[in-house]
Visitor: 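After the structure tokens below, expect a handful of questions from me.
Just so you know, these numbers come straight off a predicted model, no measurement behind them. Keep in mind that the numbers below use all heavy atoms, side chains included, and drop hydrogens, waters and symmetry copies.
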Amino acid sequence: MEESQLRRVPHLWFSDGGIILQAGQSLFRVYQGILSAQSTVFRDMFSLAQPGNDTIPGNTYDGCPLIVLQDAEDETEPFLKAVFDTSYLHHSVDLNECFGVLRLSHKYNCEGLKRPILERLATAFVDSDPSIVTNLSPLETLTQTSRFRAVVICIETQALWLIPHLILSIYTENVNIEECAMDQWRDHPSLLLQFLKGLRLHSTYLQNAFRRVPYRCLDHDPICQNQCNLIQASSIQLGSDESLDERGIPLRLRMQLRRLNAVAEGVKNQMGRMCFDQIVNQIEFALANDWRTFPEHYGFPSWSQLQRMKAEALS
């Protein structure tokens, strides 16, 4: 790469730094002692990059040893910010940057940094409580591409407890999920196959949930019978393949179940109490059970196992 194409990153260019890192077109002049203390990987790198070491001839810049990293600029910069500014992770850090820091803290064995970034990510994700699973607002700052990328990072770093929320957030995009997954994870074939299998299992579970809603009227009142028939017709319509396309099917089916619940609520006063309760209870059970089994649909550990992994990672 031509030297004229390189740019120094001002807030990570310390004039008295002893080593220069390059990621893409970005240059960072930093303190090797601090990095060595954080990372055994960097410590070994620096031992090879000392002046006079014939194993890396000519790798200098501005009179300092130069190490070229095979990492993305948009991950390296926040990672180095976190290393050299201890207050960085206490600020409102963008989730894209958080996942970049997580990947590189794992890659370079920076345990002292990995735990704080996991704690930061833990505060950005909703609990596994099914009653609040639709609260995905913290993830809205991530682009669709970033969400797919974050799943890969979570697998690499064993932060599997973050993945269900990421997968559910992927479904909020108004796109063909299968096509997107094949494009975004083309370099991760085993993950792609695991996801596509889970997508079908999950969709089938939710479509079956419509069939499990009880419609047999328990009240002999004709008005209640009519409302039960209305809900049955609504269920057939909302849960049918014709009401869907290929864009985010599982999330759409969850929304359809909530619409069915709204239909029942709308005619509540015209139904017998037992009929209304059995329909609404079954819908709520289906939604809650869907979230309880969500990770396993996609080939990941159960929620109880994921919660144990989370506790261990943050302990």
Visitor: Out of curiosity, Q158 CD to E156 CD, how far, rounded to the nearest 0.5 Å?
Guide: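 The CD atom of Q158 sits 10.5 Å away from the CD atom of E156.
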
Visitor: Examine L193 and L191 and state if one hydrophobic cluster contains both, with Ile, Leu, Val, Met, Phe, Trp and Tyr joined whenever side-chain heavy atoms are less than 4.5 Å apart.
Guide: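 As far as the 4.5 Å side-chain criterion goes, L191 and L193 are not connected within one cluster.
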
Visitor: Write down the atom of W303, the atom of H165, and the distance for their closest heavy-atom approach.
Guide: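 Minimum heavy-atom separation between W303 and H165: CH2-CE1, 3.5 Å.
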
Visitor: Would you say the side chain of T157 lies within less than 4.5 Å of the side chain of I153, judging by non-hydrogen atoms?
Guide: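 I153 reaches T157 side chain to side chain.
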
Visitor: Going from CZ on F46 to OG on S36, what distance comes out if it is rounded to the nearest 0.5 angstrom?
Guide: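 Between F46 CZ and S36 OG, I get 5.0 Å after rounding to 0.5 Å.
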
Visitor: Regarding N109 and T40, do their side chains bring together a donor and an acceptor under 3.5 Å, going by distance alone?
Guide: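 Yes, a side-chain donor-acceptor pair sits under 3.5 Å.
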
Visitor: One thing to verify: whether R115 and E119 come together as a salt bridge, which I'm taking to mean a side-chain N less than 4.0 angstrom from a carboxylate O.
Guide: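 A salt bridge is present here (some side-chain N lies under 4.0 Å from a carboxylate O).
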
Visitor: Can you get from F285 to M274 by hopping between Ile, Leu, Val, Met, Phe, Trp and Tyr side chains that sit under 4.5 Å apart?
Guide: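 Shared cluster, no.
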
Visitor: If you draw a 6.0 Å radius around CZ in R8, do more than 12 non-hydrogen atoms from other residues or ligands fall strictly inside?
Guide: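 For R8, atom CZ is crowded (more than 12 foreign heavy atoms under 6.0 Å).
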
Visitor: To the nearest 0.5 Å, tell me how far C98 SG sits from E75 CD.
Guide: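 If we round to the nearest 0.5 Å, C98:SG and E75:CD are 12.0 Å apart.
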
Visitor: Measure across Q32 and G18 and return the closest heavy-atom pair with its distance rounded to 0.1 Å.
Guide: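 Scanning both residues completely, I find the closest heavy atoms to be OE1-O, 3.6 Å.
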
Visitor: Is a donor on one side and an acceptor on the other found under 3.5 Å between the side chain of S39 and the backbone of Y108?
Guide: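 Yes; at least one donor-acceptor contact below 3.5 Å.
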
Visitor: Do we see a donor-acceptor contact under 3.5 Å between the side chains of H297 and Y205?
Guide: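 Their side chains do not contain a donor-acceptor pair, so the 3.5 Å distance test is not met.
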
Visitor: How close do R29 and C64 get, counting heavy atoms only, and between which atoms?
Guide: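 Where R29 meets C64 most closely, the heavy atoms are NH2-SG, 3.2 Å.
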
Visitor: V152 and H188: side chain to side chain contact (heavy atoms under 4.5 Å, CB included), yes or no, with the steps?
Guide: CA-CA 8 Å; V152 175; H188 305 277; 3.6 Å; yes

Visitor: Run the side chain to side chain contact (heavy atoms under 4.5 Å, CB included) test on L113 and L89 for me, step by step, so that the C-alpha distance in whole Å, both residues' side-chain angles and the decisive distance to 0.1 Å come before the verdict.
Guide: CA-CA 9 Å; L113 188 58; L89 295 180; 3.9 Å; yes

Visitor: Quick one: does L80's side chain get under 4.5 Å of L104's, heavy atoms only?
Guide: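 Sidechains of L104 and L80: no contact.
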
Visitor: State whether D71 and K107 are salt-bridged, where the test is any N-O pair (Lys NZ or Arg NE/NH1/NH2 against Asp/Glu carboxylate O) under 4.0 Å.
Guide: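 Looking at D71 and K107, the cut-off is met.
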
Visitor: Apply salt bridge (charged side-chain N to carboxylate O under 4.0 Å, His left out) to the pair E77 and R7, showing each step before the final yes or no.
Guide: CA-CA 12 Å; E77 185 170 339; R7 71 176 186 93; 3.7 Å; yes

Visitor: Could you check whether any side-chain heavy atom of L66 comes within less than 4.5 Å of a side-chain heavy atom of L27, counting everything from C-beta outward?
Guide: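 A side-chain contact exists here, since the closest heavy-atom pair is under 4.5 Å.
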
Visitor: Quick check: do P164 and W291 have side-chain heavy atoms less than 4.5 Å from each other?
Guide: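 Heavy-atom side-chain distance check passes, below 4.5 Å.
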
Visitor: I'd like to know if the side chain of T60 and the backbone of G63 have a donor-acceptor N/O pair within less than 3.5 Å.
Guide: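 Checking the backbone N and O of G63 against the side chain of T60, no donor-acceptor pair under 3.5 Å is found.
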
Visitor: Are side-chain heavy atoms of E284 and N261 found at a separation under 4.5 Å?
Guide: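 Side-chain contact under 4.5 Å: yes.
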
Visitor: Is it true that K197 and E178 make a salt bridge, defined as a side-chain N closer than 4.0 Å to a carboxylate O?
Guide: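 Looking at E178 together with K197, the answer is no, because their closest N to O distance does not fall below 4.0 Å.
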
Visitor: Around L314, counting heavy atoms of other residues, nucleotides and ligands shown, do more than 12 lie under 6.0 Å from its CG?
Guide: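 Yes, CG of L314 has more than 12 neighbouring heavy atoms, counting only those of other groups under 6.0 Å.
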
Visitor: Ignoring hydrogens and angles, tell me if any N or O in the side chain of Q194 forms a donor-acceptor pair with the backbone of Y298 under 3.5 Å.
Guide: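 Such a contact is found between Q194 side chain and Y298 backbone.
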
Visitor: Any chance the rings of W185 and F195 have centres within less than 6.0 Å?
Guide: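 Ring centroids of W185 and F195 are less than 6.0 Å from each other.
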
Visitor: Does some side-chain heavy atom of L162 sit less than 4.5 Å from a side-chain heavy atom of F99?
Guide: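 They are in side-chain contact.
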
Visitor: Do you know the tightest heavy-atom contact between P65 and I19?
Guide: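 Of all heavy-atom pairs spanning P65 and I19, the closest is O-CG1, 3.5 Å.
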
Visitor: Do L102 and L121 touch side chain to side chain, with heavy atoms closer than 4.5 Å?
Guide: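 Of all side-chain heavy-atom pairs linking L121 with L102, at least one is under 4.5 Å.
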
Visitor: What's the spacing between L35 CG and L21 CG if we round to 0.5 Å?
Guide: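 Result: 6.0 Å between the selected atoms.
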
Visitor: Rounded to the nearest 0.5 Å, how far does NZ of K268 lie from CD1 of I279?
Guide: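 Spacing of CD1 (I279) from NZ (K268) equals 13.0 Å.
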
Visitor: Checking T204 against L201 for the side chain to side chain contact (heavy atoms under 4.5 Å, CB included) test, could you report, in this order, the C-alpha distance in whole Å, the side-chain angles of both residues, the deciding distance, and whether it holds?
Guide: CA-CA 5 Å; T204 299; L201 285 172; 5.9 Å; no

Visitor: Quick one: closest heavy-atom pair of N96 and S146, and the distance?
Guide: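 Shortest heavy-atom separation between N96 and S146 comes out as OD1-OG, 2.6 Å.
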
Visitor: Considering all heavy atoms of both residues, which atom of I231 and which atom of V263 are nearest to each other, and what is their separation?
Guide: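 Between these two residues, the closest heavy atoms are CG1-CG1, 4.2 Å.
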
Visitor: If we ignore angles and hydrogens, is there a donor and acceptor under 3.5 Å between the side chains of D85 and H11?
Guide: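 No pair is found: no donor N or O on one side chain lies under 3.5 Å from an acceptor on the other.
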
Visitor: If only side-chain N and O atoms count, and only distance matters, is there a donor-acceptor pair under 3.5 Å linking N229 with Q225?
Guide: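 Judged by distance alone, the side chains do pair up.
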
Visitor: Using the rule given for side chain to side chain contact (heavy atoms under 4.5 Å, CB included), can you reason through F148 versus L166, listing the C-alpha separation, both sets of side-chain angles and the distance that settles it, and then say yes or no?
Guide: CA-CA 8 Å; F148 280 100; L166 288 165; over 6 Å; no

Visitor: Let me confirm one number: the SG-CH2 distance from C154 to W161, rounded to the nearest 0.5 Å.
Guide: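 One finds 8.0 Å between SG of C154 and CH2 of W161.
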
Visitor: Is it the case that S302 and E296 place a side-chain donor and acceptor less than 3.5 Å from each other?
Guide: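 No pair is found: no donor N or O on one side chain lies under 3.5 Å from an acceptor on the other.
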
Visitor: Please tell me if the side chains of M45 and V41 come closer than 4.5 Å, counting only heavy atoms from C-beta onward.
Guide: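 Yes, side chains in contact.
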
Visitor: Between F300 and F294, is the ring centre distance below 6.0 Å?
Guide: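 Between F300 and F294, the centre distance exceeds or equals 6.0 Å.
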
